[in-house]
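Count residues from 1 along the sequence. Order of listing sets the numbers, starting from 1, for every ligand and every atom in it. These numbers come from a predicted model, not from an experiment.
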Amino acid sequence: MDTTRFRQLPAVHKLLESDVVTLWCKSHARTDVVRALQEALRQARAALREGDEPESWDSSAILRVAHEVLTGQSLLHLRAVVNATGIVLHTNLGRAPLALEAVAAVQASALGYSNLELDLETGRRGERYDHVERAICALTGAEAALVVNNNAAAVFLILRELANGLPVAISRGELIEIGGSFRVSEIMRESGAQLVEVGTTNKTHERDYEQALQAGVSLILRVHASNFKMLGFTSKPPLEALVARAHAHDVPVYEDLGSGSLFNLKKAGIGDEPTVRESVEAGVDIVSFSGDKLLGATQAGIICGKKRYVDRLKKNQLLRALRVDKLTLAALEATLWLYRDEEIARTRIPTLQMMTRTVEDLQSDAESLASALRASLAAQGAHADVRVTRVESQVGGGALPSEDLPSYGVALRVAGVPEQMLLERLRAQSPPIIARIMKEEVIFDVRTIFAWQRDDLVRGITNTCAG
Ligand SMILES: *Cc1c(COP(=O)(O)O)cnc(C)c1O
């Protein structure tokens, strides 16, 4: 064994003197840092014994491995990945990434204790929902609000409390199934409500609802079609008209908005997604929507509307089983706070920021990724075709199904390596890289790639092509 190959490896005490390791020592115990460096060196020696070139195990490579060991990234099963699919709200990739402000709020409430259920003024017991209720009301115009585990839970709770086993009217065109086999018809059945279908698949008129109201339904349910769109000969009554009919019979209207936008995307030229405020202003009694779709916060089901109905939901025993924890509330409150100013929301909330990026910005981003990649491949002596290409990104999460966002990406082709194998190798990188295939090329859509992931991405793709 040629031990001179090992001699080029840096010593632990040398690594400890470097600036970056000094920084680590501020947030980690020194013994842990030393152990991580030793582990990285052990892996380097093993790799050299296997025939790796000493050049591929310089100080920066060792520090990278040490940092992964230190932060436990390579040991955890749930890992951060690079989303190069261009799908902004990808349920399999954890839907919405959080704003830095939300992450900071989560960290602050997670590290120690919080006033989760304590009224700091009176010193008495408080309500966990108080932390977000006022903000939701201010942003939507609703009288009262409540938050549960997710929107599916919200639908269940609302049907359970407001329909309570009685008939509920819903248009045939809204009996949808969304991802994860969530079916409106099934959840209604589970809640005990009796399903009363009105109208037809493509057309439902006011008079169809009127018939149901006269036959005595307890609630009218409107459901956002989410990941499906009807085109052509279709119609449904405007919300205002539906609400007026229902209220004439003293029957409340509940709208499941699905994504539930607080931000007016129409004004930004993207799609025709209704805002929550529009529903509230149309007189809808109860609205529910997800926290981690267009809103851009964490998994949650947000319920808002008339106080007399929200109060009933707050008293339902089921709420205890559907309640959210402090981390959810911290992330949600901090994200809602950003919505107080449209421009702050658009630039600070990652989902909105990604959706509203300009094509010029995306193109220059793709060009700089391509040139960084070419340089890295050349440095490693790896061969691949890299080109910048126009692509279409999707919003995902059941929002704006027919709205493709023009974007730019980098297309990759490696002679002799099938695309499926490239995808597989990309997923084996650290962090794993998730891309897609289009016309026999692997596509990296830059819309959903964060600037701080750029170096990891280039390194990961280069490894993939070299290996
Ligand atoms: C996404 C969606 C749901 C489920 O929301 P989760 O927050 O994922 O539970 C319910 N209804 C509609 C219309 C949806 O689009």
Side-chain angles (χ1 to χ4, degrees), residues 87-98 132 136 145-160 162-163 168-191 193 195 201 204 219-230 236 239 253-262 265 271-276 278-279 284 286-305 313 318-319 321-325 327-329 331-332 335-336 351 394-403:
I87 301 171
V88 179
L89 295 167
H90 198 309
T91 299
N92 300 1
L93 304 183
R95 288 202 187 151
L98 293 182
V132 290
I136 297 169
L146 180 62
V147 178
V148 292
N149 182 53
N150 57 9
N151 191 26
V155 176
F156 187 67
L157 175 68
I158 292 165
L159 290 174
R160 195 57 175 234
L162 301 188
V168 174
I170 178 169
S171 161
R172 288 201 164 86
E174 294 172 8
L175 282 169
I176 54 158
E177 170 176 315
I178 57 168
S181 62
F182 172 92
R183 282 187 170 177
V184 173
S185 53
E186 299 286 319
I187 198 136
M188 279 181 89
R189 204 168 42 77
E190 288 290 339
S191 79
L195 176 66
T201 303
T204 303
L219 180 73
I220 286 186
L221 170 60
R222 256 285 259 242
V223 179
H224 187 285
S226 295
N227 45 11
F228 132 93
K229 186 151 187 126
M230 289 199 294
K236 59 179 185 183
L239 262 185
V253 176
Y254 159 40
E255 187 174 28
D256 170 10
L257 266 178
S259 220
S261 184
L262 294 181
L265 287 165
D272 56 357
E273 187 71 19
T275 63
V276 180
E278 282 164 15
S279 291
V284 173
I286 286 283
V287 179
S288 76
F289 51 99
S290 295
D292 55 354
K293 290 186 181 171
L294 285 178
L295 180 66
T298 186
Q299 180 188 303
I302 299 167
I303 301 170
C304 65
L313 298 172
L318 249 184
L319 183 60
L322 307 176
R323 81 177 185 187
V324 286
D325 80 327
L327 305 184
T328 299
L329 287 166
L332 189 58
T335 308
L336 291 171
T351 49
Q394 279 164 16
V395 175
L400 309 166
S402 57
E403 202 70 24

Which residue and atom name correspond to the protein heavy atom nearest [atom], and how close is it?
{"atom": "atom 4 (C) of ligand 1", "result": "I178 CD1, 3.7 Å"}
{"atom": "atom 10 (C) of ligand 1", "result": "N151 ND2, 3.3 Å"}
{"atom": "atom 2 (C) of ligand 1", "result": "K293 NZ, 2.5 Å"}
{"atom": "atom 11 (N) of ligand 1", "result": "D256 OD2, 2.6 Å"}
{"atom": "atom 13 (C) of ligand 1", "result": "S226 OG, 3.2 Å"}

Run the numbers for me: atoms of ligand 1, each under 4.0 Å from some heavy atom of [X], listed by number.
{"X": "G258", "value": "12 (C), 13 (C), 14 (C), 15 (O)"}
{"X": "F182", "value": "10 (C), 11 (N)"}
{"X": "H224", "value": "13 (C)"}

task = Give yes if a backbone or side-chain nitrogen or oxygen of S259 is under 3.5 Å from a nitrogen or oxygen of ligand 1, and no if not.
result =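 No: no nitrogen or oxygen of S259 is under 3.5 Å from one in ligand 1.
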
ask   = Would you say S290 has any N or O atom under 3.5 Å from an N or O of ligand 1, going by distance alone?
value = yes

query = Can R222 and S279 be said to form a side chain to side chain contact (heavy atoms under 4.5 Å, CB included), step by step?
reply = CA-CA 11 Å; R222 256 285 259 242; S279 291; over 6 Å; no

inquiry  = Any heavy-atom pair between the side chains of V223 and I170 that's under 4.5 Å?
reply    =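 I170 reaches V223 side chain to side chain.
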
inquiry  = Any non-hydrogen side-chain atom of I302 less than 4.5 Å from a side-chain atom of L295?
reply    =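 I302 vs L295: side chains touch.
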
query = Should the proximity of A152 to ligand 1, defined as any heavy atom under 4.0 Å, be assigned to the side chain, the backbone, both, or neither?
reply = both

query = At under 4.0 Å between heavy atoms, which part of R95 makes contact with ligand 1: side chain, backbone, both or neither?
reply = side chain

query = CG of L159 to CD of E190: how many Å apart, nearest 0.5 Å?
reply =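 Answer for the CG-CD pair, L159 versus E190, is 11.5 Å.
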
note = Distance col, row I178:CD1 vs R183:CZ, nearest 0.5 angstrom, shows 12.0 Å

Any donor-acceptor N or O pair under 3.5 Å, side chains E273, S261 =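 No, S261 and E273 have no side-chain donor paired with an acceptor closer than 3.5 Å.
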
query = Are the side chain of N151 and the backbone of A154 linked by a donor-acceptor contact shorter than 3.5 Å?
reply =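 No; zero donor-acceptor contacts below 3.5 Å.
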
key: Audit row: T298, L327, side chain to side chain contact (heavy atoms under 4.5 Å, CB included) steps and yes/no   = CA-CA 9 Å; T298 186; L327 305 184; over 6 Å; no

